[in-house]
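Contents: one structure, followed by commentary.
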Amino acid sequence: MAALAALFSLFALYLAWYASADPDPSPADESPIALAAAEGPASGATAASGEAALQGDAAGAGLVKRGEYLARAGDCIACHTADKTRPFAGGVSISTPFGTIYTPNITPDPDTGIGRWTDADFLRAMHEGIGKGGEHLYPAFPYPEYTRVTEHDVLAIRAYLNTVEPIHYAPPRNELSFPFNLRWLMVFWNLFNFDEGRFVPDPKQSAEWNRGAYLVEGLAHCEECHTPRNIMQGLKSADRLSGATMAGWHAFNITPDKTSGIGAWSGGDLTRYLSTGSAPGRANAAGPMAQVVEDSTQYLNDEDLRSIGVYLRSLPPVAGGETRARDQWGKPVQDDVTNLRGAKIAGVDGAQLFVANCASCHAWSGEGVGASAPGAYPSLIHNSVAGAGDASNLAMVILHGVTRTTKDADVLMPEFASQLTDDQVAAISTYVTRQFGNPAATITVDQVAKLRGQQQ
Ligand code: HEC
Ligand code: HEC
Ligand code: HEC
């Protein structure tokens, strides 16, 4: 009873807050800054002149082109495509602590997709997290970030989605446990974790900074993975971008802290990482970040990538207690293989397993093959995964391999989940961190077993 009363008072509080908030969608839309511009007809146009150009057919094509660019910046395809032959038709299962959510079909199919949605319905979903029937959407859909995107840009995405092939496909129903299957409960989640409203440019900052902020805080939703969460699964904005774990992967601290974050990276390192997935001597993108690079950031133009760097470098650095940057560990191994010759190996041996499974590509010295050419087999020395304080990503890379297709290269490291047992993965990981990375990062067989069980 008391809990019910508390719920009702929270609800009343929410209504009062909502009534007084009076969200006004328009001002940021008049923003003079050049927002992420599409390549093609509208390229380079300022928001104002772009607006004026949106009259004729050519401008309509420009709008669609811009929408395609923005849909990539927002990575809609990653979550809304379960099967590559059915782009945007949904059906991706997203596991949350409360159960499994299946993403909806957002192709223009009238029955199973969003073909019957009005522009107003679409805007309301992106800005307020509310579906066509007025139901609350779950924040597995990043509306807490998309709310910052201008009305003009949301409508450009809509214009683009209208042009994709309509696919008749109804994704499975969500499997959420009580009470999380009650959508209206999101009212409370929103109350504490959602701040509706468009991006407001900061006139004291440069156009470049504002552009970066608009992308990072909005469409590109970097915080969804890189910001730690509170017990309600909302973002802890005080520690923004200081690193978080999702589906077994640690999305590293990307604040400008020199030791715990990416403060020592040059703008060029970041641009290269986001456009190719590889910043030699620093990091490679595997797992969820490989997908972000493949589907989203590789398509951003240099100006936008640079702006993201300018904005990230301006954020408050968050220290995590590391003593050395994760990309500053390791030296080549000189003697291990010779030691192995003729030696009797007892049980599971990391060095032997490394030579047998990994050295063909990464060399027994750990220095890799092909140096920094696109698609090279990277050095494990000065690599953020081998040097991280926690070996989870390393074990995940061994279990799942790396696949990343960009205009630069088809990158492939095979998965070893089907070939190596948990104790073998643990032994190789510990060998790699000791020889090439951060020797303090060890991993147990139980931890590997847990990581193996994570749904990807
Ligand atoms: C991180 C994953 C993720 C990304 C990225 C994402 N979505 Fe979604 N989206 C979801 C999920 C999950 C839902 C369903 C939420 C629910 O069931 O309450 C959803 C729901 C929607 C809906 C409501 C559809 C309906 O039938 O109710 C629309 C519209 C939508 N997304 C559009 C987009 C667009 C446009 C983008 C890119 C700008 C995008 N989404 C990117 C996960 C994502
Ligand atoms: C879907 C989750 C997800 C999203 C969204 C995401 N990241 Fe990541 N990011 C990760 C993960 C996981 C890693 C670790 C990858 C690895 O171990 O190879 C990572 C790694 C990185 C790294 C390398 C750090 C290092 O030291 O190795 C950078 C830089 C980075 N992300 C920047 C960004 C930026 C900028 C954005 C927004 C444009 C973004 N990420 C969006 C999950 C994500
Ligand atoms: C067939 C060649 C091949 C084999 C065998 C191989 N790798 Fe890789 N490895 C790669 C490639 C390719 C990449 C990704 C390069 C890139 O991102 O551009 C990679 C990346 C990595 C990374 C960096 C991941 C990141 O996110 O930064 C680590 C660590 C790694 N491999 C360890 C291993 C270990 C340990 C083994 C043995 C169990 C192994 N590799 C076996 C080719 C291989």
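Counting starts at 1 for both ligands and their atoms, following the listed order. Everything numeric here is computed off the predicted structure, so don't read it as measured data.
A donor-acceptor pair is defined here as one N or O able to donate and one able to accept, closer than 3.5 Å; no such pair exists between the side chain of T405 and the backbone of D410.
Only protein atoms were considered; those of element N, O or S under 2.8 Å from atom 8 (Fe) of ligand 1 number 1.
Residue-level proximity to ligand 2 for R326 is carried by the side chain, the only part with a heavy atom below 4.0 angstrom.
For atom 26 (O) of ligand 3, the closest non-hydrogen atom on the protein side is N284 O, 3.1 Å. Here the protein heavy atom with the shortest distance to atom 13 (C) of ligand 2 is M289 CB, 3.6 Å. Summary of contacts: the protein heavy atom closest to atom 27 (O) of ligand 3 is N383 ND2, 3.1 Å. Regarding atom 17 (O) of ligand 3, its nearest protein heavy-atom neighbour is R404 NH1, 2.8 Å.
In terms of N/O distances under 3.5 Å, ligand 2 is approached by A286. For T297, no nitrogen or oxygen atom sits less than 3.5 Å from a nitrogen or oxygen atom of ligand 2, counting backbone and side chain alike. Between N393 and ligand 2, at least one pair of N/O atoms sits closer than 3.5 Å. Below 3.5 Å of separation, one finds an N or O of H226 facing an N or O of ligand 2. Where the criterion is an N or O separation shorter than 3.5 Å, residue side chain and backbone included, S384 meets it with respect to ligand 2.
Less than 2.8 Å away from atom 8 (Fe) of ligand 3, the protein contributes these N/O/S atoms: H362 NE2, M413 SD.
Taking a cutoff of 4.0 Å between a charged side-chain nitrogen and a carboxylate oxygen, R306 and E208 qualify as a salt bridge. No salt bridge links E322 with K258; every basic N to acidic carboxylate O contact stays at or beyond 4.0 Å. Between K84 and E294, at least one side-chain nitrogen of the basic residue sits less than 4.0 Å from a carboxylate oxygen of the acidic one, meeting the salt-bridge criterion.
Ligand 1 has at least one atom lying under 4.0 Å from a heavy atom of Y146. The closest approach between any non-hydrogen atom of A283 and ligand 3 is not below 4.0 Å.
If you number the atoms of ligand 3 from 1 as listed, the ones under 4.0 Å from a heavy atom of L394 come out as 29 (C).
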